[in-house]
Structure formats: C-alpha cells, structure tokens
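The next block holds one structure in the form of structure tokens; read it before the comments.
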Amino acid sequence: MADEPAGGATPIFLLSFRHRDELAAAAERAGWQTLAARRAEGVERRFVASGASIAVVDARGAFADGMEAARLLADAVEANAGALLVLLSRADIARLGVVFESGATDYLASPFGEAEFGQALRFVARSVERLAGGRRAATGRAELIAAQAETWRWQPGETVVTVSPALADRLGHAGESVSLRRLFRDLDRAGRRAAHDAVTRLLDGGQATAFAHTQPSGRGRIAHHLHIDAPGGPVVGLIEDLDRTTQTVAIATRDPLTGIGDGPALRRWLDKRLHQPAGRGARCVLLLLAVNRFETINRAFGNGTGDALLQGIARRIERLAGSTGRGRRCVARIAGAEFAIGLAPPTTIEEGEMIAAQIVEAVARPFVCGDQFITIATRIGVAAAGDTEDGASLLRRASTALADAKGAEAGAVRVLDARGEAQAVRDSSLETDLRLALDADQIGILFQPQVAVTGGAIVGVEALARWRHPRLGELGAATLFAAAERSDYLVQLSRHVQRKAMTMAAAWPEALAHLRVAVNVTAADIAQPGFASHFLDLADQTGLSRRRITVEVTESGLIEDLGSAAGLLAELRAAGLRVAIDDFGTGYSSLAYLKALPLDYLKIDQHLSKDIAGSSRDRIVVRGVIEMARSLGLTVIAEGVETEVQLALLAGEGCALYQGFLCAPPLTDEALASLVAGQARR
C-alpha cells in the first residue's frame, strides 16, 4: 500500500518558476492530479479553487520568489488542513528557518529524482490525511470544495458538457448539462481557437494544460485549467478568474471595524439565496457565532484590544468560510461579538456542522493583541432552511440554536434543522446510551506513546478513552465525556476509565513494565470528598505501582477551589505519583494553576505545538510557555506533534517529551508492545 499512487484521492497544486512542466509530468506519471502554475499572482485563490490539499512550491534557483509564494499560500493551506511542500536547492538548507516562517510544513532538497519526489508527495499526503481525520474526511472535504468550485467535464465524442452548480450559476443555466455548441458560441474567435488547441494538446499528450479567453460579458478574462481524470476519462476544466474584481463578493454595506458584511448585507444575501434549486438534502445553511465572555475581555484589556480581537476573529472565519466565488458564501458581523456565515445551496446540514467545528477550533487558537496573549472560546448555532422559509425565519432558528449552544455546559456547536430537531435530541440519545455502555463494556482504552525528544525512546503513555458505540462506531473522548457531563455521569465514567486503564497497564509484560501511565483526572473528580485516598486505593487494587502513575489534570476544566486541589495533589505526590497539567494554553486559568498547584509536568496543547512551526510571533509565544515551565522546574511535554519540523523546533526550545502522530496514534496494548519491541531491536 505504501507505493500506491495517491493522486486520485489528493490532488496537488504546483507552483514552479523554472521547472513547471518537468515537475508536473513527474507528478502525473506517479498518478497525481496536478494543477501547475508558473506565476505567483493570485496563487491563494488558485489553490483554493483547485480543490487540492497539497501545495508544492519549487523555490530552486528562485528562493526569494518561492518564499513570497509560500507566504501567500500559507493561510489557505492551513485553513484547508493541507500541507505546503517547498523544494529547495542544497545551498538553501541553511535557511530552513526562513522556509518554515514562510509557512512551509515540509521540504525536499536537491539533488532528488522522480522517485524521491513522488515518495515525498506520498508522505505529505499521509500527513494531510491524518490531519483531516483520515481518508474519508479528506475525500469529503475535497468533494465539498469541488461542489463549490466552477468546473466542467466533457467526454470526448459527446455533444454535452456537465457543469458544476457554481458554473451553472455563472452561466445562468438551470441543470447540470450544457450543449457543447452553446459553450463554443459564447466564445469569441480567439477563444474558440485557444480552446480547440488546448484540448488537442491534452488529448495528444495527456499532460495538464490551460487556455484563456475574454468573458462573453466583456468583464475581464478567465482561464480554464484542463486535465484528464484517468486514461480514457473525461476532460476536466477548472475555471479561474484572471480579473481580481470578479472574485470579490458584492457586499453593498460592510462592517466598518472588520471589513466583512453587516446585518443588512446578510439579510439581502439570504433573500437572494434561500430559494435556489438544490438537490435532495441540500439547502441554504446559516451559522451564527458568538464569542464567550467578550464583555469581560473588553473590561479587562480595553476596547482597543477588544476591537483587534474582533478583527482577528473575522480574518480566521474568512479563511475557513469566506467566499468560494460569485457570492456562494457570506460572512458578516451582525452585532457586537456575533458573526454570521451563510452557505449557499447545495449545502447539507452535515457540511454546516463540519465548517462550524473547524471555525470553533480555529478561533480557539491563541490571539496576540499588542502585548496581550488571549485565548477565547465560541459557541455556534447552525440551522438549515426549509423549503418555504424566508430569511427572518431562518435567522430566528439559527438564533435559537445559538442560544441552545450558549446554555449547554459542554459542546460548542448546536444544530436546528429544517424540521426543528435540535442537536440536543441527539445528545439526549447519547446520554441514555452512555449509562448502558459501561455495563456493556463498550468503553475501551487506547494508549498514546510519550517519547523522549532526545534519543526517541518511549518512556510513557497517556491512557485515552474510546466509546465503541453500537450504531455510531468509535467515538472519541471529547464526545464521550461531553455526554457524561450533560447527564451528571461524569464522575462514574471517570472512575471507570481510570480503573480500566490502570488494570490493563498492571497486566503488561516485562517489556512494557518501565512505562509511566498518565491517567486523566477531571475537575469534577477533584471536587469529590476523599478523592486522593480513593484514587490511591484504586491504584493499589489494580496492582499498578504508584511510581508509574501520572495524574493529568485538564487545564480547561475549571477547578473552583485551587487551595483544596493543591493539598489533594500534594497528597498524591507524597504517595509516589506525579502530577501533570494537561492541555496548557486552552483555558482561562493557566497562570493561576501554575502558581497554585504542585506539578511535575506541563503538557502544552496541540495548537501551541502546531504554532511552533508558524510565524515568528507564534514561536515567541510557545518559547515563552516552555521557558516559564522550565524555570518552575517542570518537564515539558508537547502534544499533537505531527512533523519532524515541529519536533526539531520544540527540541530547540527545550521541550523534553512529546506525543503525537509523528511517533504513533493512540494504540491498543498489543500494538504498543509491538512498537516498543521494534524500538528495542533497532
């Protein structure tokens, strides 16, 4: 499977100033769908329109131009959970810091051959799939982008062309099929000749090509990027506007602070888009987003910082949910710290949920406003339009979903579909199922290795809960504990997971007996009377040595009485256990926790680990966290490490341990034993 071409599942966008044709041919021979470009102008728009998850910038012999192109692509690549591979001359290896500050996630240095280039693409594709949650999620995202792009397909010999909904919208055509004769009639003489020559080149040589022409309306020029899906397959055209003004969503009124649309602009957009024809299950979807505790932030840091924060939020939302061409998306600030995102048909409620989850994650990353380092959280309500619904009604239902999200103790996204069924109904079902899951032994444990940065030895693991739901498949710890928190079953679930993890670890063979086991403890656990003595008794009952146990306290769970918590954790440490603060950097009480609690480890959140390879400002923030932890005598563990680049930068800042997909995903104990045994043989 390692040598299977991945091009069919993960297209690539290639920008090369000097070797475009050579690299494009090599990629296509390896089975990749390639959109190749030689100029950097508009490169961000062209990457998004291509539907690619991987961008390749060839900076060999053109380092400055390559870095500028990488900077232009970086935000779009990040927003689409993609990867940016930069090709370098050997002499440029000394400037890797500049490469990664420009946004690169991976690099390949010359000299390299076609085989090495193809293998590098496969490694990058594997990383993209992991970031996107596997091949299914990556494919779903590609399909979503493709549905929103302006594309056409033509099977040689046929007289009709199949067009995407977005292109049909541009042409003013109802339906998926357009007469080939009609399309040629819309072109001027030069455009017809250019189209004929480009298709002939493609069919004769099989290599991707392009042609451009003036739009029938006379409003600028557009390009058609052509490739063939598979031998004998149709010709596929992807349209790119060469006139920048045609890509801008027409918003008559804008919010003066953020530059995005305002409330009236949103309502006009809804009135225009609500009753467009859509396929079965596809509707106009509206997302309403509210920033938690924004008034508190304004009072604490001042209106200037609050305004900067709103501008930063708007930029992040735009990157993830901004226009995909011809007004198919609308992003607006409608009041204070509330934003709206409109998704035009064809959009499903599931796609709306997916985009909402991505926005929640993006906005949760720390903001730097002047001298302030601020982490915020958001809630989002999602509603899909009914067949006869107007804009005011859809806004009311989205507001109801948002109110439901604000009132919930857990979960940042709430859905109200066209039949008025709230996400709470599904949540209620999970709450009921959870009480049966413990008795039916549906809660399993996986172990993610914790690895020494120096030497690469596996020194410990974190125990992670997984719910093997009979209908929904495997559900992660976040879903599991959110359901438990809503149903007041959190302490029972937490004890079950702790007991099971320690029992499994106590039964491990000698080869694993040296590993420390990190067990998560919630704020609700700590609030229970006599928790320390109960936890120690539990460890002794399972037979796991106290000196192998690390108690991980999640920093995002609010501990109301830090004094009592400090005494409890000190009791556990005195009994031989170690204590870690988990997910550092995601909540409101980071510094207070560090000052009050007796700790051994600080685990920096995966978003901070990712930021280490971001901008220089991101790196300064991460460096400050690591230096602060080390000055307090704490060992730093980085979570969510995905790439060698992240690891090298974290190591340079003094991080001692890491966990993440770079080493391994969460494993069964059998898979863990095999991994450790493989290390021992090396």
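Treat the numbers as computed from the prediction; the structure is a model and nothing was measured. Computed from heavy atoms alone, side chains included, the values below leave out hydrogens, waters and symmetry copies.
With rounding to the nearest 0.5 angstrom, the CD atom of Gln646 is 10.0 Å from the CZ atom of Phe100. The line from CZ of Arg182 to CG of Leu187 is 11.0 Å long, rounded to the nearest 0.5 Å. Of the inter-residue distances, the one linking Cys330 atom SG with Ile341 atom CD1 reads 9.5 Å to the nearest 0.5 angstrom. In this structure, CD1 in Ile334 is found 6.5 Å from CG in Leu266, a value given to the nearest 0.5 Å. Rounded to the nearest 0.5 Å, atoms CZ (Phe117) and CG (Leu108) are 8.0 Å apart. Atom NE2 of His213 and atom CZ of Arg193 lie 16.0 Å apart (nearest 0.5 Å).
Listed by chain and residue number, nothing satisfies the salt bridge (charged side-chain N to carboxylate O under 4.0 Å, His left out) test with Arg267 (two or more places apart in sequence, or in another chain). Every residue meeting the salt bridge (charged side-chain N to carboxylate O under 4.0 Å, His left out) condition with Asp92, not counting sequence neighbours, appears here in chain and number order: Arg95. Legend: residues meeting salt bridge (charged side-chain N to carboxylate O under 4.0 Å, His left out) with Glu68, ordered by chain and number and at least two apart, are Arg71. Taking the side-chain hydrogen bond (donor to acceptor under 3.5 Å, both in side chains) definition, one finds that Ser16 meets it with Asp58, sequence neighbours left out. With sequence neighbours excluded, the residues satisfying side-chain hydrogen bond (donor to acceptor under 3.5 Å, both in side chains) with Arg315 are Glu318. For the salt bridge (charged side-chain N to carboxylate O under 4.0 Å, His left out) test, no residue two or more places apart in sequence or in another chain qualifies with Asp188.
The backbone N or O of Gly237 sits nowhere less than 3.5 Å from a side-chain atom of Thr151 that would complete a donor-acceptor pair. Checked by atom type and distance alone, the side chain of Trp269 never pairs as donor or acceptor with a backbone atom of Arg273 at under 3.5 Å. Under the 3.5 Å distance criterion, the side-chain polar atoms of Thr159 are left unmatched by any main-chain donor or acceptor of Ser179. The backbone N or O of Thr162 sits nowhere less than 3.5 Å from a side-chain atom of Arg153 that would complete a donor-acceptor pair. Side-chain atoms of Arg333 never come within 3.5 Å of backbone atoms of Phe339 as a donor-acceptor pair (strictly under, hydrogens ignored). A donor-acceptor contact shorter than 3.5 Å is absent between the side chain of Glu22 and the backbone of His19.
Within the 4.5 Å cutoff, the side chain of Ser177 has no heavy atoms near those of the Val161 side chain. Contact of the Ile12 side chain with the Leu85 side chain is not registered, since no non-hydrogen atoms from C-beta on lie closer than 4.5 Å. Between Arg329 and Ile355, the closest side-chain pair of non-hydrogen atoms falls below 4.5 Å. With a 4.5 Å cut-off on side-chain heavy atoms, Arg60 and Arg18 do not count as touching. Between Leu270 and Leu395, the closest side-chain pair of non-hydrogen atoms falls below 4.5 Å. A 4.5 Å side-chain heavy-atom check between Leu343 and Leu286 finds every atom pair outside the cut-off. Looking only at side-chain heavy atoms (C-beta outward), Val235 and Gln155 stay at 4.5 Å or farther from each other. Residues Val236 and Trp154 form no side-chain contact, since every pair of their non-hydrogen atoms from C-beta on lies 4.5 Å or further apart.
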Could you walk me through whether Val160 and Leu180 pass the side-chain contact (heavy atoms from CB on, under 4.5 Å) test, one step at a time? CA-CA 5 Å; Val160 296; Leu180 182 64; over 6 Å; no
Could you check Phe13 against Val56 for side-chain contact (heavy atoms from CB on, under 4.5 Å), going step by step and ending with a plain yes or no? CA-CA 6 Å; Phe13 177 87; Val56 180; over 6 Å; no
Step-by-step side-chain contact (heavy atoms from CB on, under 4.5 Å) determination, Met67 to Val98: CA-CA 8 Å; Met67 294 307 98; Val98 177; 4.1 Å; yes
Passes side-chain contact (heavy atoms from CB on, under 4.5 Å), Val645 versus Asp106? Steps please. CA-CA 7 Å; Val645 173; Asp106 304 87; over 6 Å; no
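In terms of heavy-atom proximity, Ala74 sits nearest to Gly103 at CB-CA, 3.8 Å. In terms of heavy atoms, Ala401 sits closest to Arg414 at O-CB, 3.3 Å. The minimum heavy-atom distance linking Gly233 with Pro156 is given by the pair O-CD, 4.2 Å. In this structure, Ala83 and Val124 approach most closely via the heavy-atom pair CB-CG1, 3.3 Å. Counting all heavy atoms, side chain and backbone alike, Gln606 lies closest to Gly640 at CB-CA, 3.8 Å. Nearest heavy-atom pair, Val86 versus Ala104, reported as atom, atom and distance to 0.1 Å: CG2-CB, 3.6 Å.
Counting non-hydrogen atoms of other residues, nucleotides and ligands closer than 6.0 Å to CZ of Phe63 gives a total above 12.
Considering Ile380, Val382, Val413 in turn, Ile380 is the only one that fulfils the side-chain contact (heavy atoms from CB on, under 4.5 Å) rule with Leu289.
Residues Thr258 and Asp255 bring a donor and an acceptor atom of their side chains to less than 3.5 Å of each other.
Under the 30°/60° scheme for interplanar angles, the aromatic rings of His224 and Trp152 are found to be tilted.
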